[in-house]
Asker: 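Shown below is the structure under consideration.
What you are looking at is a predicted structure, and each value in this text was computed from that prediction instead of being measured.
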Amino acid sequence: MRPAYAQAIWGSDGGWQMLERQNATNHWREVYRGYRDRIGRGELKPGDALPTLARFADHHDLTLHGARKVMARLRGDGCVESWQGVGHRVSEKRVFYRIDRRPKFHANLARLGKQGDTKLLTTRVIGLPNRFADVMGLRPGTRVVRTELLRLVEGRPLVLAQNFFPADRFSGIEVPLAESKSITGALSTFGVTETQRERTSVETRMPRAHEAVQLEIPSNQPVLVTTGRNVDLQGRVIELSYAVSRGDAVTLEL
């Protein structure tokens, strides 16, 4: 049993921290304000998991009903989010990503004052899948270089993207891409200095297993999927982008 003069606070390290209390009565509004302030100060980081309602109630001398009220108020404030089978966690800060005629990942983030990073996960020469043939304007089975990129913002994985480049023109593009971490920079080594987005489509769905793992999200959290065709100044298709973004952390601006 905890002494009546103490209460426990959930720490960012995933454990309880005991704090002294002058009043043994721990009202749910007091708990709510405490967590709201700690999230606002950054003591609890975006993505940090919170304890189960039962543990939360026990360590704050609340009923389950009181614990639910705390979480409901925090959700209403946008401080926490919950997913069935996953529980509650501190809400991710949204990134507003602009899709225009010349979408550039790092330039978008610089405009927002955020730091981005790109990891090249896989690269392979394959036959163009049927579902992308019409969008890319090429025959199914045409040889393309497929790369898979993980886009991170301030250390958080937010976008998992597959990019398809015609192999007859961009064979070996994965080498400059790995070095520059920029599609624009990689294309420039092939003499393509200007590109533009000719077509973009957006849909929502649930993530596939490997997408959930890479994006560090539960399997029942929706994702945003954008499919875009990019061309050079002569109108020739140079790339198809198939990007899967976290629905809880990315807002697309069209």
Asker: What's the verdict on side-chain contact (heavy atoms from CB on, under 4.5 Å) for Leu160 and Leu121, showing C-alpha distance, side-chain angles and the deciding distance?
Answerer: CA-CA 10 Å; Leu160 183 65; Leu121 300 181; 3.7 Å; yes
Asker: Side chains of Leu74 and Val90: closer than 4.5 Å at any heavy-atom pair?
Answerer: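 When only atoms from C-beta onward are counted, Val90 and Leu74 do not touch, as no gap falls below 4.5 Å.
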Asker: Check the surroundings of atom CD in Gln115: do more than 12 heavy atoms from other residues, nucleotides or ligands lie under 6.0 Å from it?
Answerer: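 It does not: Gln115 CD has 12 such atoms or fewer within range.
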Asker: So which heavy atom on Val125 is nearest to which on Ala167, and how close?
Answerer: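 That would be CG1-CB, 4.5 Å.
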Asker: With distance as the sole test, does Arg246 use its side chain to make a donor-acceptor pair with the main-chain N or O of Leu215 at under 3.5 Å?
Answerer: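 Indeed, once roles are kept as given, a pair shorter than 3.5 Å links the two residues.
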Asker: Taking it one step at a time, do Leu44 and Leu50 satisfy side-chain contact (heavy atoms from CB on, under 4.5 Å)?
Answerer: CA-CA 9 Å; Leu44 291 173; Leu50 297 178; 4.2 Å; yes
Asker: Applying salt bridge (Lys or Arg N to Asp or Glu O under 4.0 Å), can you list everything that pairs with Glu203, at least two apart in sequence or on another chain?
Answerer: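 If we apply the salt bridge (Lys or Arg N to Asp or Glu O under 4.0 Å) test to Glu203, skipping adjacent residues, there are no hits.
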Asker: May I have all residue pairs that pass ring pair (Phe, Tyr, Trp, His ring centres under 6.0 Å) and include part of residues 110-164, sequence neighbours excluded?
Answerer: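 Listed once each, the pairs are Phe132-Phe164, Phe132-Tyr242.
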Asker: Hey, mind stepping through Leu62 and Val31 against side-chain contact (heavy atoms from CB on, under 4.5 Å) and telling me if it holds?
Answerer: CA-CA 9 Å; Leu62 293 170; Val31 178; 4.2 Å; yes
Asker: Not counting sequence neighbours, which residues clear side chain to side chain contact (heavy atoms under 4.5 Å, CB included) with Thr226? List them please.
Answerer: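 Residues passing side chain to side chain contact (heavy atoms under 4.5 Å, CB included) with Thr226: Ile99, Val202, Ala243, Leu252.
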Asker: Let me confirm one number: the CZ-CG distance from Arg143 to Leu138, rounded to the nearest 0.5 Å.
Answerer: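 Atom-to-atom, Arg143:CZ and Leu138:CG are 13.0 Å apart.
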Asker: Counting only heavy atoms from other residues, nucleotides and ligands, does the tally under 6.0 Å from NZ of Lys93 exceed 12?
Answerer: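 Atom NZ in Lys93 is not crowded, with 12 or fewer foreign heavy atoms closer than 6.0 Å.
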Asker: Counting only N and O atoms by type, is there a donor-acceptor contact under 3.5 Å from the side chain of Ser91 to the main-chain atoms of Gly78?
Answerer: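 Such a contact is found between Ser91 side chain and Gly78 backbone.
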Asker: In Å, rounded to the nearest 0.5 Å, how long is the span from CE of Met71 to SG of Cys79?
Answerer: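 With rounding to 0.5 Å, CE (Met71) is 11.0 Å from SG (Cys79).
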Asker: Do the side chains of Lys119 and Glu148 get close enough for a salt bridge, i.e. N-O under 4.0 angstrom?
Answerer: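 Answer for the salt bridge query: no.
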Asker: So, is the end of the Arg36 side chain (NZ or CZ) under 6.0 Å from the ring centre of Tyr32 and within 45° of the ring's axis?
Answerer: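 So Arg36 does make the cation-pi contact.
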Asker: State the CD-CG distance between Glu154 and Asp117, to the nearest 0.5 angstrom.
Answerer: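 Separation between the atoms: 12.0 Å.
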Asker: Quick test of your reading of the model: are Arg197 and Asp100 salt-bridged, counting only N-O distances below 4.0 Å?
Answerer: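 Asp100 and Arg197: not salt-bridged.
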Asker: Please name the pair of heavy atoms, one in Gly172 and one in Pro176, separated by the smallest distance, quoted to 0.1 Å.
Answerer: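 Residues Gly172 and Pro176, closest heavy atoms: O-CD, 3.3 Å.
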Asker: Begin from the C-alpha positions of Leu177 and Leu149 and carry the test side-chain contact (heavy atoms from CB on, under 4.5 Å) through to its verdict.
Answerer: CA-CA 10 Å; Leu177 181 55; Leu149 304 174; 3.9 Å; yes
Asker: Output the distance between atom CG (Leu240) and atom CD (Glu198), rounded to the nearest 0.5 Å.
Answerer: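 Result: 11.5 Å between the selected atoms.
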Asker: Start with the C-alpha distance between Arg75 and Glu81, add both sets of side-chain angles, then the distance that settles salt bridge (charged side-chain N to carboxylate O under 4.0 Å, His left out), and finish with yes or no.
Answerer: CA-CA 6 Å; Arg75 284 199 306 272; Glu81 56 191 11; over 6 Å; no
Asker: Can you see whether Arg139 engages Thr142 through a side-chain donor-acceptor pair at a distance of less than 3.5 angstrom?
Answerer: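 On atom types as modelled, these side chains do not qualify, holding no pair under 3.5 Å.
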Asker: Could you tell me whether the side chain of Arg236 reaches within less than 4.5 Å of the side chain of Val231, counting heavy atoms only?
Answerer: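 No; the side chains remain at least 4.5 Å from each other.
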Asker: Would you say the side chains of Gln221 and Asp248 form a donor-acceptor pair under 3.5 Å?
Answerer: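 Side-chain D/A pair, Gln221 to Asp248: present.
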Asker: How close do Val237 and Pro166 get, counting heavy atoms only, and between which atoms?
Answerer: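 Nearest pair, atom of Val237 first, then Pro166: O-CG, 3.8 Å.
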Asker: Can you sort out the partners of Arg41 under side chain to side chain contact (heavy atoms under 4.5 Å, CB included), two or more places apart, ordered by chain and number?
Answerer: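 Arg41 satisfies side chain to side chain contact (heavy atoms under 4.5 Å, CB included) with Asp37, Arg38, Glu43 once adjacent residues are dropped.
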Asker: Go through the structure and list residues passing salt bridge (Lys or Arg N to Asp or Glu O under 4.0 Å) with Arg169, not counting sequence neighbours.
Answerer: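 Residues passing salt bridge (Lys or Arg N to Asp or Glu O under 4.0 Å) with Arg169: Asp232.
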Asker: Locate the shortest heavy-atom distance separating Pro207 from Ser219; write the atom from each residue and the value.
Answerer: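 Scanning both residues, the minimum pair turns out to be CD-O, 3.5 Å.
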Asker: Check for a donor-acceptor pair, side chain of Arg124 on one end and backbone N or O of Arg146 on the other, with a separation under 3.5 Å.
Answerer: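 Pair absent, no side-chain N/O of Arg124 close to backbone of Arg146.
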Asker: Between Thr147 and Leu120, is any pair of side-chain heavy atoms under 4.5 Å apart?
Answerer: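 Thr147 reaches Leu120 side chain to side chain.
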Asker: Restricting to pairs with a member in residues 175-211, which pass ring pair (Phe, Tyr, Trp, His ring centres under 6.0 Å), not counting sequence neighbours?
Answerer: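 Those involving residues 175-211 are Phe170-Phe190.
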Asker: So does Arg208 get a backbone contact from the side chain of Glu211, meaning a donor-acceptor N/O pair under 3.5 Å?
Answerer: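 Checking the backbone N and O of Arg208 against the side chain of Glu211, a donor-acceptor pair under 3.5 Å is found.
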Asker: I want to check something: taking the side chain as every heavy atom from C-beta on, are Pro51 and His60 in contact at a cut-off of under 4.5 Å?
Answerer: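 Not touching, per the 4.5 Å side-chain cut-off.
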Asker: List the atom of Glu174, the atom of Thr123, and the distance in Å for their closest heavy-atom pair.
Answerer: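 Between these two residues, the closest heavy atoms are CB-OG1, 3.5 Å.
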Asker: Ile238 and Val192: which non-hydrogen atoms are nearest, and at how many Å?
Answerer: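 Scanning both residues completely, I find the closest heavy atoms to be CD1-CG1, 4.0 Å.
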Asker: Check whether Asp48 reaches the backbone of Lys45 with its side chain - one donor and one acceptor, N or O, closer than 3.5 Å.
Answerer: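 Between the backbone of Lys45 and the side chain of Asp48 there is a qualifying donor-acceptor contact (under 3.5 Å).
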Asker: Between OG1 of Thr118 and CD1 of Ile183, what distance do you get to the nearest 0.5 Å?
Answerer: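 The distance works out to 8.0 Å.
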Asker: Any salt bridge linking Arg156 with Glu92? Criterion: basic side-chain nitrogen under 4.0 Å from a carboxylate oxygen.
Answerer: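 Answer for the salt bridge query: yes.
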Asker: So, does Ser171 use its side chain to make a donor-acceptor pair with the main chain of Asp168 at under 3.5 Å?
Answerer: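 No, the answer is negative, given that no donor and acceptor are paired below the 3.5 Å cut-off.
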